[in-house]
Amino acid sequence: MFDAILPHLPILQVIVPLIAAPLAMMIWRPNAAWGFTLVVTWATFGLAILLLQQVLAQGVIIYELGDWPSPFGIVYQVDAVNAFVVLIISSIAALVTTYAREGILKEIQGRNQTLFYAVFLLCVSGLLGVTITGDAFNVFVFLEISSLSTYVMVALGAQRDKRALSSSISYLIMGTIGATFFVIGIGLLYMATGTLNMADLADRISNLGDSRMVRAAFAFIVVGLGLKLAVFPLHLWLPNAYTYAPSPVTAFLAATSTKVAVYTLMRFIFTVFGTRFAFQEATLMYLFMPLALVGMFIPSLVALYQVNIKRMLAYSSVAQIGYMLLGISLASVLSVSAATVHLFNHALMKAALFMALGAVVYRLGNASIHTLQGLGKQMPWTMAAFVGGGLSLIGVPLTVGFVSKWLLIQSAFEADMWWLALLIVLSSLIAVLYVWRVIEQAYLQPIPEGRAVKEAPLSLLIPMWVLVLANFYFGIDASLTTRVATQAAEGLLGMGGAP
Amino acid sequence: MTTDFIIGHYNYWVIIVLMMLGLYVVMSRGNLIKKIVGLNIFQTSVFLLYITIGKVTGGTAPIIWEGREDVVYSNPLPHVLILTAIVVGVATTAVGLAITVRVREAYGTIEEDEILAQDHEAEVTEGASA
């Protein structure tokens, strides 16, 4: 039985949540649907662990769907990068599901609860599909599966605050423009090369050299993905969507959806277009790096002035994407592995932070900074989790945030750009300020009179603390993550266009 | 730029015009329904682009013609791809319209500036109440 499963891990990864989604919808009772989703997401997580082990042991796995050979059929190509991102998504999905029950019961009503689980599973399956596929057009299809379900999940926050609807529709419009740009890019690539298989594309583009059509395709793909991953000037949809979505959804989205877009960008830039594509070097140097730097600072400064802490963290997410983009723009093995590690680390810290805030919203109904007054005494575990995640966000030693910033700074020195290291440290200082705002309110302000609040229920605290402890565990022992990320970066940079 | 070039790329001119038109409507109109229609026009231009790619000069429908070796077929792959993209487009429109209905129920309007004004108002009261 087990041996029969092993060769099919890549497809099972996607198909299990995809089939589970309509089944979850048919289960009428919310708790039963939740239990079902729980089993499915943890099973997917188990599959992801097996898959990563398999990849680390055997190298790249190529899975041909329906046994159609490579350039004709769709191929799932799993290397260290995919397997790692798949692990991130499925682990966060499993933890968020564990966390979601109470929050969903409170924030979404009636029949919508079971529908939520169906949409959630669809989103998981879409994100996993984007990550695992080796076919450029397939990326688009899965990207839209995940995006469409995300729009719905954001809109489900409307019961608590009607602004969820307006943010969902503006996300839909921008997301669709992004996806359509991406498809135009894929179409142009197909016109230029006549193939959609990523490995095949990489081959033909490097033979084709620099043509105007490939450049146009590159531009469309970069802008399209830029919208999806909320690169600094294209990030407008993100803060509102994160602020008004139901809390478990925010925790899930913040940890996974932009990460998948970052992965896809890396895949296209390094594997498909390859390092020999000269136009790309200029883009990395003169477009990505300035945007990354501006993105590290301006959203952080905006975050400082937010009253709603959920929105503050959303802006901080935009800033964190700047770090990942910086890692990509330096394009060395060290910097790309820093970006990859940061994918994982940022998922851990943001999921923990948003879960802690979700617990506050669960008890008090909103996430405004004034609500947090004196909460350190009334909800000690929740606020302690927030502090843990906050320390990691700043990049204090012994947390995962430190590991990614350390690698990033190292790669800045390696590229002989010491001023970059300075800027990275400076922008971290802004993070100190906005995390401090919360700590100050929670621990140094008196409890408002007449407010009696209990600690959040255990089902919220346990997944939250698992993530917080993971923040410290992978911060102290970073050997596993850095090893996988280095292998991933070598795979990305080596496969593309090494002469 | 000769007339041959202009006429020879007729499809592409149509695609470019539709693309820009759609994008312009999305950006310039405040009515959510009009925005979604604009989005549709924008996506349709991409469908046309793919269908154009699939055309092979002198090619016929890609159904195997037994016993004829000399037949040129059009490329069926872009057609298949764009069928998928059309489905995605329909789904996006459906979700977009459904959310618009909900927006109308919650806000009483589907004009973007009025929605933004209400959102802004909510934000101000949120800041003041604290």
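Every chain is numbered from 1, with letters handed out A, B, ... down the list of sequences.
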For chain A, which of B/Val88, B/Ile115, B/Leu116, B/Leu32 has the most heavy-atom pairs under 4.5 Å? B/Val88
When only pairs under 4.5 Å are counted, which of B/Ile82, B/Leu77, B/Ile36, B/Val87 shares the most heavy-atom pairs with chain A? B/Leu77
Just how far is it from atom OH of B/Tyr50 to atom CD1 of A/Ile186, taken to the nearest 0.5 Å?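 One finds 6.0 Å between OH of B/Tyr50 and CD1 of A/Ile186.
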Got a second to check how far B/Glu123's CD is from A/Arg311's CZ, nearest 0.5 Å? 4.5 Å
Name the region of [X], side chain, backbone, both or neither, that has any atom closer than 4.5 Å to a heavy atom of chain A.
X: B/Glu112; value: neither
X: B/Val46; value: side chain
X: B/Thr92; value: both
X: B/Ser45; value: neither
X: B/Val26; value: side chain

Side-chain donor/acceptor of A/Tyr190 to backbone N/O of B/Pro78, under 3.5 Å: no
Heavy atoms of A/Gly187 and B/Ile53 approach each other most closely as O-CD1, 3.6 Å
Taking atom types as modelled, is there a side-chain donor on B/Asp119 or A/Tyr244 under 3.5 Å from an acceptor on the other?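 No, no side-chain donor-acceptor pair sits under 3.5 Å.
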Give me each pair satisfying ring pair (Phe, Tyr, Trp, His ring centres under 6.0 Å) with a member in residues 140-164 of chain A, each pair once, sequence neighbours excluded.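 Every pair satisfying ring pair (Phe, Tyr, Trp, His ring centres under 6.0 Å) with a residue in residues 140-164 of chain A: A/Phe137-A/Phe140, A/Tyr151-A/Tyr171.
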With a 4.5 Å cut-off on side-chain heavy atoms, are A/Lys162 and B/Gln118 touching?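 SC-SC contact between B/Gln118 and A/Lys162 confirmed.
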Is it the case that atom OH in B/Tyr73 sees more than 12 heavy atoms from other parts of the structure closer than 6.0 Å?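 For B/Tyr73, atom OH is crowded (more than 12 foreign heavy atoms under 6.0 Å).
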